[in-house]
Amino acid sequence: MRKIFILPMFVLALITTYSSNVYAKDEPLSVKEFRQLYDSLLTGKTLVTETTQDGVIVKKERQFGKAVDVGEGEFDIPVSIVITKSKGGKLEQKTTINVLDHINSLGGTAIVSEEFRKTTVEESGSEPRTTREIEFNGLFRVSKNDKGGFDVHNFGLVPSILVEGDSTNLAGSMVSYSCFPEKNSAKCILTIRDYKLGDYKPLVGFTLVEPAGGDVVEVSEEIVP
């Protein structure tokens with residue numbers, strides 16, 4: 001059974017297996033260049049992924065907000081992620097995650113610092129549960145891709161480790177979040193690689209062994225009226 005990942009750039013996953021190779025070209029973007037691409041490609045748009053497993057329809061919507069200037073050419077990107085699970089036409093669960101991506105310049109290259117700022121879970125027959133704890137989700141670099149868009153990569157391994165008691169003992173790390181125009185709409189591909197972990201001690205470190213299995217790829221596409 002696949003995990004649910006909470007991973008960048010604009011995150012939480014319902015995962016669709018998709019055969020693809022998505023690797024960024026090493027052509028860093030400046031903050032200004034990234035702003036231009038983001039404004040033209042994603043601002044104000046909603047991208048959707050939907051899958052069905054065991055009769056449960058899982059739909060994830062990423063709603064990309066307008067970039068907010070914070071001074072010295074840098075900016076923030078607000079993103080809302082809405083994940084719904086339904087079965088037999090009835091909504092079973094709705095999760096809403098508010099994400100804020102800070103876009104800064106490091107040596108002339110655009111760097112994304114990501115935070116989860118609010119998460120609300122609603123389930124049938126119970127009161128909504130909300131957490132407002134701000135959670136740092138890593139630093140990521142931005143580069144051009146050859147499809148007229150951009151790729152975002154994590155600087156190092158950002159694992160999402162399975163809880164104790166699961167014999168598979170895997171971790172997931174984002175390889176890339178690639179966005180580009182396709183047929184007059186926007187398309188993004190999130191690629192996650194599974195790793196097998198060696199000895200792991202929380203807050204001390206872990207041993208990364210070999211990749212376990214192939215990449216997991218999630219494809220989301222723009223809703224076009």
On a heavy-atom basis, which atom in Thr96 and which in Ser80 lie closest, and how many Å separate them? CG2-OG, 4.0 Å
With a 4.5 Å heavy-atom cut-off, do Phe150 and Leu41 have their side chains touching? yes
Flag, side chain of Asn145 to backbone of Cys179, donor-acceptor distance under 3.5 Å: yes
Specify the closest pair of heavy atoms between Glu61 and Val48, including all atoms of both residues, with the distance to one decimal. CG-CG2, 3.8 Å
So, Ser178 side chain and Asp151 main chain: donor-acceptor pair closer than 3.5 Å or not? no
Within a 6.0 Å radius of atom CG on Asn184, are there more than 12 heavy atoms belonging to other residues, nucleotides or ligands? no
Could you report the tightest heavy-atom contact between Gly149 and Pro181, atom names first, then the distance? N-CD, 4.3 Å
From CZ (Phe75) to OH (Tyr38), nearest 0.5 Å: 8.5 Å
Walk me through it: do Thr51 and Gln53 pass the test side chain to side chain contact (heavy atoms under 4.5 Å, CB included)? CA-CA 7 Å; Thr51 62; Gln53 185 175 4; 5.8 Å; no
Which heavy atom in Glu222 sits nearest to a heavy atom in Ala186, and how many Å separate them? OE1-N, 2.7 Å
Over all atoms of both residues, closest heavy-atom pair of Val219 and Lys187: CG1-CE, 3.4 Å
Atom OG of Ser185 and atom NZ of Lys45: how far apart are they, to the nearest 0.5 Å? 7.5 Å
Does Val152 share a hydrophobic cluster with Val79, counting links as ILVMFWY side-chain heavy atoms below 4.5 Å and allowing steps through other members? yes
Chi angles and distances behind the side chain to side chain contact (heavy atoms under 4.5 Å, CB included) call for Arg62, Leu190: CA-CA 12 Å; Arg62 290 185 178 91; Leu190 169 65; 3.9 Å; yes
Is there a side chain to side chain contact (heavy atoms under 4.5 Å, CB included) between Val112 and Ile77 once you walk through the steps? CA-CA 10 Å; Val112 181; Ile77 298 173; over 6 Å; no
Beyond-backbone contact of Glu74 with Ile103, side-chain heavy atoms, under 4.5 angstrom: no
Separation of Ser113 OG from Asp101 CG (nearest 0.5 Å): 8.5 Å
Sole residue of Thr52, Val56, Ile57 in side chain to side chain contact (heavy atoms under 4.5 Å, CB included) with Ser86: Ile57
Restricting to non-hydrogen atoms, name the atom on Lys85 and the atom on Val58 that form the minimum distance, rounded to 0.1 Å. CG-CG2, 4.0 Å
Does one hydrophobic cluster hold both Leu100 and Phe116, with members joined at side-chain heavy-atom distances below 4.5 Å? no
With sequence neighbours left out, the residues meeting side-chain contact (heavy atoms from CB on, under 4.5 Å) with Glu115 are His102, Arg117, Ile134
